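Whatever order the structure lists ligands and atoms in, that order sets their numbers, starting from 1. Worth saying up front: this structure is predicted, and the values here are computed from it rather than measured. Just so you know, residue 1 is the first one in the sequence shown, and it goes up from there.
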Amino acid sequence: MRLVRFDGYRIGIVKGAAVIDVSDIAGASANEWPPVAMNRLIANFDTMRAALDEAAASRAGVPLSGVSLLTPVPAASKVIAYPVNYHDHGAEMGSTYRANNQGFFLKPTSSLSGASEPIVLPQLPGRRIDHECELAIVIGKRCRDLPRERWHEVVFGYSLLIDVVVRGKEERVARKGFDTFCPVGPWIVTADELGDPSALRGRLWVNDELRQDANTRDLVVDIPGMVEMAAAVMTLEPGDIIAAGTPAGVGPIQAGDKVRIEFDRIGEMTLDVVQGEGGRAKFFVDDPGPLGSSR
Ligand code: MN
């Protein structure tokens with residue numbers, strides 16, 4: 001099943017080129033704050049599944065091309081991100097560590113945006129802002145201290161994720177935390193529909209130039225390992241998102257670019273890059289120096 005959020009607050013099932021509105025089943029409403037309808041659907045998916053299947057089979061949809069796609073889990077309790085989780089990316093950054101011996105960081109959920117929304121660049125003239133092509137893993141069940149052998153019990157599904165970052169030496173959460181610096185979408189593909197995620201090809205283009213082309217078989221820490229590492233530190237909640245890390249080929253984006261990301265068996269999304277009016281973070285220096293020691 002492919003689950004989307006669209007048109008303000010609605011939740012839908014993607015069926016071919018259509019979206020079937022299941023907001024009523026999911027209990028999604030316009031004024032809900034925080035917007036936790038998708039978290040609730042994920043947490044209760046086993047009991048809601050029959051009603052969702054029935055709706056998918058019996059209801060008419062609206063064209064997918066006519067709706068505005070939002071980020072699937074805007075109220076995720078956290079976005080856990082693995083840095084340097086492909087050896088070739090570690091080599092291109094001159095990194096002395098890998099995810100298996102350093103762990104992970106967090107991106108703020110306020111940085112989440114969806115497939116129909118642009119990446120809005122902050123007002124940081126002269127600073128390099130990069131794309132990172134990543135697989136998103138969506139957690140389905142609360143867990144803590146989960147051994148890797150049980151990873152499949154808690155993974156709900158998968159999505160596409162672009163980890164946008166200002167290169168430099170300021171704290172990573174600031175450089176990676178601007179609004180729209182974590183596009184996730186266009187939907188969640190449930191784990192049962194996607195099948196084995198251990199050899200998924202993912203690619204990213206900027207203006208039709210292929211920048212990144214990788215396969216999850218080359219991850220330093222694999223998907224079971226990422227779930228185990230995160231759950232060793234913190235309780236994972238339904239709707240939490242894990243960004244799996246990026247392969248080689250990261251590079252700058254600028255206003256006017258179109259960034260396209262695609263993964264096998266998930267789909268693709270193309271985002272506009274625009275210059276925003278805000279984001280004048282004065283603690284960002286004008287000249288960050290060599291990029292080799294940055295993240
Ligand atoms: Mn990343």
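- Summarising the hydrophobic clusters (Ile, Leu, Val, Met, Phe, Trp, Tyr; side-chain heavy atoms under 4.5 Å, direct or chained), the residues clustered with Tyr9 are none.
- None of Asp130, Val250, Val259, Leu204 except one satisfies the side chain to side chain contact (heavy atoms under 4.5 Å, CB included) rule with Arg211; the exception is Leu204.
- Only protein atoms were considered; those of element N, O or S under 2.8 Å from the Mn ion (ligand 1) number 3.
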side-chain hydrogen bond (donor to acceptor under 3.5 Å, both in side chains) between Gln212 and His131, worked out: CA-CA 10 Å; Gln212 298 187 268; His131 58 78; 3.0 Å; yes

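- Residue Val274 shares its hydrophobic cluster (ILVMFWY side chains chained together at separations under 4.5 Å) with Val120.
- Residues forming a side-chain contact (heavy atoms from CB on, under 4.5 Å) with Glu32 (at least two apart in sequence, or on another chain): Ser29, Val36, Ala37, Arg40.
- No option in Arg265, Arg2, Lys15 other than Arg2 meets the salt bridge (Lys or Arg N to Asp or Glu O under 4.0 Å) test with Glu193.
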